[in-house]
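Input: a single structure, listed below in structure tokens.
Everything numeric here is computed off the predicted structure, so don't read it as measured data. Every chain is numbered from 1, with letters handed out A, B, ... down the list of sequences. Atom set for the values below is all heavy atoms of this structure, side chains included, hydrogens, waters and symmetry mates excluded.
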Amino acid sequence: MSLNIYNTLVRQKEEFKPLVEGRVNMYVCGPTVYGHSHIGHAKSYVSFDIIVRYLRYLGYKTLYVQNITDVGHLTDDADEGEDKIAKQSKKDRVHPMQVVESYTRSYFEDMDALGVVRPDISPRATGHIIEQIEMARDLIKKGFAYEKNGSVYFNVAKFKEYGKLSRRPLEEMEAGARVEVNKEKRNPADFALWKKADAEHIMQWESPWGMGFPGWHLECSAMSMKYLGETFDIHGGGMENQFPHHECEIAQSECSTGKQFVKYWIHNNMVTVGGQKMGKSLGNVINLKDAFKKYTPLVVRFFILQSHYRSTLDFTNEALDGASKGYEKLLNTVRNVRNEIEKLGKSENQKNEDVPFLDLTGFKKAFLEAMDDDFNSPQAIGVLFDLNREVNTVLAGSKSNLKLLNEINGIYNELAGTVLGIIPDQLESAVAGGGENDLIQFIIELRAEARAQKLWVMSDKIRDGLKNLGIVIEDKKDGTTWRRE
RNA sequence: GGCGCCGUACCCAAGUGGUAAGGGAGAGGUCUGCAAAACCUUUAUGCGACGGUUCGAAUCCGCCCGGCGCCUCCA
């Protein structure tokens, strides 16, 4: 089977064929850095993270570009209102660039915690003003844009295919339905490539049309094409950006180059909170830094991957708690496999005889088939749990050997680790030595003696005490193991 | 008003023509000094309602009900 991707452009799954054999150029709309990241960012970037991870797993040399928007988004309409970053800088009483810097760091901090692999290039809009001006100038020269009072607008009427992504025919759009029509525009649907800046506007640059700043949509076109070429393989983003953002990107890019802009458009769905849209206006935005206080980042990641990227994800404590338990179950098995490997590695007895049969190849195949089908991570995780059950059975039995366990460990590392990114780098081992671990091991030995003498009150007290310290004791046939909660 | 999505057990969630994955929770059992973990069994003749197409539909078509999103900044 081969990789199939749901392409918004054609509204169906298509077999993935890169423009250049063995290579993938991919761009994803990044965050506007004027506040801490929220769970919506988490869903989006975790989703695209497994797409990048899987493409790389399949052997594609993947160049992943994700912008940082540090200027240009306005609070109301795309072309009106206040600059959000400028607004935040006034509120925090710091320079806009300081706002941008601190929230950019915050963003990467959160994404790192979620195990999101960093983009190869994270271009900033303010670092590409020249490219944006150049593109606007080119579009004027080619007759697709016009200047009016120091601002530059894209003339939507000049691009017949406008609306092909979002399937909104221009003539059916109600002009000024909710936003007052800008008098400078020839057509209400025209959008700004460049905006004239007032004197008090802090972030502004010199241009052929006077002092100003770039329009919202321009940065993504200018930066993606700069690093990925005039036509590239994949462009991703949130569904809410299909219109107008991505539509405008297509219009300005294809008019500028005369070529197709993007081959596959991938859109991820939104997060809801208690069934309601999450948004600033509703005041129900959940920041990641807050969410992480209650759920570890990898639980959040696992929770996200347990639903498909094109489905909405409802963020509730009940659902998170369920995911948390399931995740722990999966991790427990991986931990036990590793413990067993260390233990067997040290012992003389390799227990080679009668090794149970485990169809690891079959599990791997099922996993990959799920991922091939438009990155169906929930189904892939289902396969992992099927495998889990059989591995637990092997672990509970007396028949296993190092070779089999190493193969099992390899599969977990490959599928759950490399592809899904849900196994932490550091998974404590109860067998490995080291200061605190030795101490815990010593306490467990004391308890073993108490148990040998049937001093149940004492042994239970030790168990409870360790539990209160976050250390869980498990008595097994061949001894006691422990793990941190 | 225009465009679009969704409705699967108590909760979360795959499945898009061949007879309901997986996780959580619940019940019973095995193991255990007791726990915990793990394993086994069990929990939707049923996939919002009603019609239709088909040998066969959760899956396709129609209609209705309910929820949500976009059209305005948002991942």
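- The environment of A:K476 atom NZ is dense: over 12 non-hydrogen atoms of other residues, nucleotides or ligands sit within 6.0 angstrom.
- Nucleotides B:A9 and B:G22, compared at atom P, are 16 Å apart to the nearest Å.
- The distance between atom CG of A:L466 and atom C1' of B:A35, rounded to the nearest whole Å, is 14 Å.
- A heavy-atom distance below 4.5 Å is not found between the side chains of A:R447 and A:M458.
- A:H128 and A:Y227 share a side-chain donor-acceptor pair at under 3.5 Å.
- Contact annotation for A:N336: no contact, since no heavy-atom pair falls under 4.0 Å across all strands.
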Pairs under 3.5 Å (N/O, protein and nucleotides 38-44 of chain B):
from	atom 1	to	atom 2	distance (Å)
B:A38	O3'	A:N392	ND2	3.1
B:C39	OP1	A:N392	ND2	3.1

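- In this model, the phosphate group of B:A75 is not approached by any side-chain N or O of A:T69 to a distance below 4.0 Å at OP1 or OP2.
- Residue contacts shown for A:V271 include a base, since a base heavy atom lies under 4.0 Å away.
- Of the candidate nucleotides B:A13, B:C74, B:C12, B:A13 has the atom nearest to the side chain of A:S307.
- In terms of the side-chain hydrogen bond (donor to acceptor under 3.5 Å, both in side chains) criterion, residue partners of A:Y27 (sequence neighbours excluded) are, by chain and number, A:N67.
- When both pairing distances are held under 3.5 Å, B:C3 makes a Watson-Crick or G-U pair with B:G69.
- When only modelled atom types and interatomic distance are considered, A:N7 and A:E14 share a side-chain donor-acceptor pair under 3.5 Å.
- Judged by distance alone, the side chains of A:D314 and A:T272 do bring a donor and an acceptor atom under 3.5 Å apart.
- Pairing for B:C63 is absent, with no Watson-Crick or G-U wobble pair whose two atom distances lie under 3.5 Å.
- In this structure, A:Y327 reaches neither bases nor backbone, as no heavy-atom distance under 4.0 Å exists between it and the strands shown.
- Residues A:Q66 and A:S122 bring no donor and acceptor atom of their side chains to less than 3.5 Å of each other.
- Heavy-atom nearest nucleotides on RNA chain B were determined for A:G30 and for A:H308, and the one closer to the 5' end corresponds to A:H308.
- Atom-to-atom, OH of A:Y309 to C1' of B:C6 comes out at 17 Å; the value is rounded to the nearest Å.
- For A:D475 against B:C34, a side-chain N or O and a base N or O form a donor-acceptor pair under 3.5 Å.
- Residue A:W482 has no polar side-chain atom (N or O) positioned under 4.0 Å from OP1 or OP2 of B:A37.
- For the residue pair A:N392 / A:T333, a side-chain donor-acceptor distance below 3.5 Å is found, with atom types taken as modelled.
- Stacking of the aromatic ring of A:W456 onto the base of B:G33 is found: the ring centres lie under 5.5 Å apart and the planes are inclined by under 30°.
- Atom CD in A:E240 sits about 8 Å away from atom P in B:C71, given to the nearest Å.
- In this structure, A:K325 reaches the B:A25 phosphate: one of its side-chain N or O atoms is under 4.0 Å from OP1 or OP2.
- The base of B:C34 is paired with the side chain of A:R463 by a donor and an acceptor separated by under 3.5 Å.
- Closest to the side chain of A:R483, from the set B:C70, B:G33, B:A36, is B:A36.
- At a cut-off of 3.5 angstrom, counting only N and O atoms as typed in the model, there is no donor on one side facing an acceptor on the other between the side-chain of A:K454 and the base of B:C34.
- Screening A:K289, A:R301, A:R105 against A:D110 for a salt bridge (Lys or Arg N to Asp or Glu O under 4.0 Å) leaves a single residue, A:K289.
- In this model, the phosphate group of B:G15 is approached by a side-chain N or O of A:N376 to a distance below 4.0 Å at OP1 or OP2.
- A:Q379 has no side-chain polar atom (N or O) that falls below the 4.0 Å cut-off from OP1 or OP2 of B:G22.
- On the C1' atoms, B:U59 is 13 Å away from B:U54, given to the nearest whole Å.
- The partner of B:A38, taking Watson-Crick or G-U wobble pairs whose two distances both stay under 3.5 Å, is B:U30.
- Which of B:C74, B:A75, B:C11 sits closest to the side chain of A:K277 comes down to B:C74.
- The side chain of A:F385 has B:G22 as its nearest neighbour among B:C12, B:G22, B:C68.
- The side chain of A:Q306 sits closest to B:G22 out of B:A14, B:G22, B:A75.
- Comparing B:C34, B:C73, B:A14 by their nearest atom to the side chain of A:D460 picks out B:C34.
- As the counterpart of B:G17, no nucleotide is assigned, since no Watson-Crick or G-U wobble pattern has both distances under 3.5 Å.
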